[in-house]
Amino acid sequence: MDRDTRERDTRLKLAVQKSGRLTDPSLDMLARCGLKLSRGKDQLMGFGENMPLDVLFVRDDDIPDLVQEDVCDLGLVGLNVIEEKRLALAARGIRATFECLRLLDFGRCRLSIAVPEGAEWSGAASLAGKRIATTYPNLLAQFLARQGVAAQIVTLSGAVEIAPRLGRADAICDLVSTGSTLAANHLEEVETVLESHAVLIRTPVALAPVKTEWVERLLMRIEGVQQVRESKYIMLHAPRSALAEIRRLLPGSESPTIIPLEGHPDKVAIHAVCRENVFWETLESLKRAGASALLVLPVEKMLA
Ligand code: PRT
Ligand code: ZN
């Protein structure tokens, strides 16, 4: 076996968006998983210094193909891109074989139908006979077919939100996160086609055992990273008599540690991991229930 083949058999290749909305959160997640990357001169590859995992930086639209064709073992990409690709392949009689390994907690958005403000809307049937501009023709076609609505799909490569103003369409089907782009273009969101977020996908091809082991480790670390993002460690003092009420108020905490307090037989210290954010309102409720000396700390790493 030559060196290239050996390397291919032992180092995972992960496709990540080169420059766009998913780039920073993807790299941030990988860094939290412990990956130290050194970028090559051309910036197209990142070499994992402390894990057998290299990153290939590409356009997000290319990620499903790279994984489907086994050029990369893994990819981080939006569900919207994956589902559009799956339908586009199906239309050509090809079955998408990439597999979704994990839903991720970033890149959240929705693919929605929007119409000009003030336009009459009484459900999807209002789209009958209309022109709808989109960069997601396959997802839109599936949506229309499911609704039993016949409309004309105008496929654009970008700037979808200005199509109605230019007279090119009566409605649009585009990604929305805050809704400010729609508002700026006097459009109103009326229907959701797909709820989306980033996903980790993998090749259909069986991987060498050493690679499979690293995929498992990466998945476990991603799980940990996602859990700690919201988790907090909370410490407080409480009267024994208020224990039941305080346990009820602790958000997402299954089994708090209860410690006696030297010299205070009627009081205990409670330490708990809360798997949800702890808001000021929660602290105020805990205080009202008798808690004191409240301390909330971020959790850095967690392994079940
Ligand atoms: O160059 P490349 O092809 O790699 O990037 P791209 O321009 O195709 O993609 P990019 O970087 O814009 O988005 C990458 C992925 O981020 C998408 O495929 C989604 O999975 C996810 N994502 C999350 C979004 C948004 N939120 C989003 N708001 N992608 C695009 N938008 C756009 C939307 O198209 C619209 O123009 O942002 C505008 C609306 O945003 P709001 O906040 O005004 O509603
Ligand atoms: Zn793209």
Side-chain angles (χ1 to χ4, degrees), residues 13-30 39 42-46 55-69 71-72 74-89 96 98-117 132-140 142-143 153-166 168-169 171-202 222 226 229:
K13 205 181 274 178
L14 166 70
V16 168
Q17 190 184 24
K18 184 170 193 283
S19 147
R21 286 168 192 264
L22 298 182
T23 310
D24 286 347
S26 298
L27 292 177
D28 177 65
M29 186 190 75
L30 293 171
R39 298 278 283 261
D42 57 6
Q43 305 279 299
L44 293 180
M45 283 282 284
V55 173
L56 193 69
F57 292 99
V58 293
R59 288 204 52 193
D60 69 342
D61 315 72
D62 296 333
I63 295 177
D65 280 337
L66 289 169
V67 174
Q68 169 108 1
E69 289 160 16
V71 178
C72 290
L74 302 168
L76 286 171
V77 65
L79 185 67
N80 50 304
V81 172
I82 290 297
E83 292 307 314
E84 177 68 16
K85 187 76 201 178
R86 198 185 294 283
L87 294 172
L89 286 172
F98 39 74
E99 184 193 335
C100 267
L101 282 183
R102 185 68 89 242
L103 311 183
L104 304 168
D105 58 0
F106 58 88
R108 278 178 201 284
C109 57
R110 51 204 183 272
L111 183 66
S112 289
I113 306 278
V115 295
E117 278 167 11
I132 314 167
T134 190
T135 50
Y136 294 86
N138 292 288
L139 279 166
L140 175 57
Q142 184 190 54
F143 170 80
I153 297 173
V154 180
T155 305
L156 301 179
S157 55
V160 168
E161 64 279 2
I162 60 169
R165 242 186 310 149
L166 297 178
R168 296 185 72 186
I172 69 165
C173 172
D174 198 12
L175 296 176
V176 183
S177 50
T178 61
S180 57
T181 303
L182 292 184
N185 288 283
H186 303 289
L187 296 166
E188 206 178 328
E189 189 176 357
V190 286
E191 199 90 27
T192 304
V193 173
L194 178 81
E195 293 279 354
S196 187
H197 41 74
V199 289
L200 176 70
I201 56 168
R202 67 156 281 172
I222 290 175
Q226 299 206 145
R229 254 200 256 270

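Each ligand, and each atom within it, is numbered from 1 in the order the structure gives.
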Option passing side-chain contact (heavy atoms from CB on, under 4.5 Å) with Leu111 (candidates Asn80, Val176, Leu175): Leu175
[atom]: which of [options] has the nearest heavy atom?
| atom | options | answer |
| --- | --- | --- |
| atom 44 (O) of ligand 1 | Ser112, Ala198, Gly179, Pro25 | Gly179 |
| atom 16 (O) of ligand 1 | Arg21, His197, Glu189 | Arg21 |
| atom 34 (O) of ligand 1 | Val16, Leu182, Asp174 | Asp174 |

Between [atom1] on residue [X] and [atom2] on residue [Y], distance to nearest 0.5 Å:
| X | Y | atom1 | atom2 | answer |
| --- | --- | --- | --- | --- |
| Glu195 | Ser112 | CD | OG | 7.5 Å |
| Arg21 | Arg108 | CZ | CZ | 15.5 Å |
| Phe98 | Glu69 | CZ | CD | 10.5 Å |
| Phe57 | Gln17 | CZ | CD | 11.0 Å |
| Leu79 | Cys100 | CG | SG | 6.0 Å |
| Asp174 | Ile113 | CG | CD1 | 10.5 Å |

Closest non-hydrogen atom pair between Val16 and Ser26, with its separation: CG1-CB, 3.8 Å
Where Leu22 and Gly78 come nearest, the two heavy atoms and their spacing: CD1-N, 3.6 Å
For ligand 1, note which part of [X] has a heavy atom under 4.0 Å away: side chain, backbone, both or neither.
| X | answer |
| --- | --- |
| Val81 | side chain |
| Asp60 | both |
| Cys109 | side chain |
| Leu175 | both |
| Gln17 | side chain |
| Lys18 | neither |

For [X], take its heavy atoms, then give the atoms of ligand 1 lying under 4.0 Å from any of them.
| X | value |
| --- | --- |
| Val176 | 44 (O) |
| Arg108 | 23 (C), 26 (N) |
| Gly78 | 20 (O) |
| Gly20 | 11 (O) |
| Leu22 | 15 (C), 16 (O) |
| Thr178 | 41 (P), 42 (O), 43 (O), 44 (O) |
| Ser180 | 43 (O), 44 (O) |

CA sep, side-chain torsions, deciding dist, call: Arg110, Glu189, salt bridge (charged side-chain N to carboxylate O under 4.0 Å, His left out): CA-CA 10 Å; Arg110 51 204 183 272; Glu189 189 176 357; 2.7 Å; yes
Min side-chain heavy-atom separation Leu76-Ile201 under 4.5 Å: no
Residue pair Thr134 / Ile172, side-chain heavy-atom distance below 4.5 Å: no
Arg229 atom CZ, neighbour heavy-atom count above 12 within 6.0 Å: yes
Side chain to side chain contact (heavy atoms under 4.5 Å, CB included) against Arg59, all qualifying residues, sequence neighbours excluded: Asp61, Asp62
Verify atom 42 (O) of ligand 1: protein non-hydrogen atom under 4.0 angstrom away: yes
[atom]: the protein heavy-atom neighbour that sits closest, reported with distance to 0.1 Å:
| atom | result |
| --- | --- |
| atom 38 (C) of ligand 1 | Thr181 OG1, 3.6 Å |
| atom 1 (O) of ligand 1 | Arg59 NE, 3.5 Å |
| atom 20 (O) of ligand 1 | Asn80 OD1, 2.6 Å |
| atom 28 (N) of ligand 1 | Ser177 OG, 3.0 Å |

Asp61: its N/O/S atom lying closest to the Zn ion (ligand 2) (atom name): OD1
Name of whichever N/O/S atom of Asp60 is nearest to the Zn ion (ligand 2): OD1
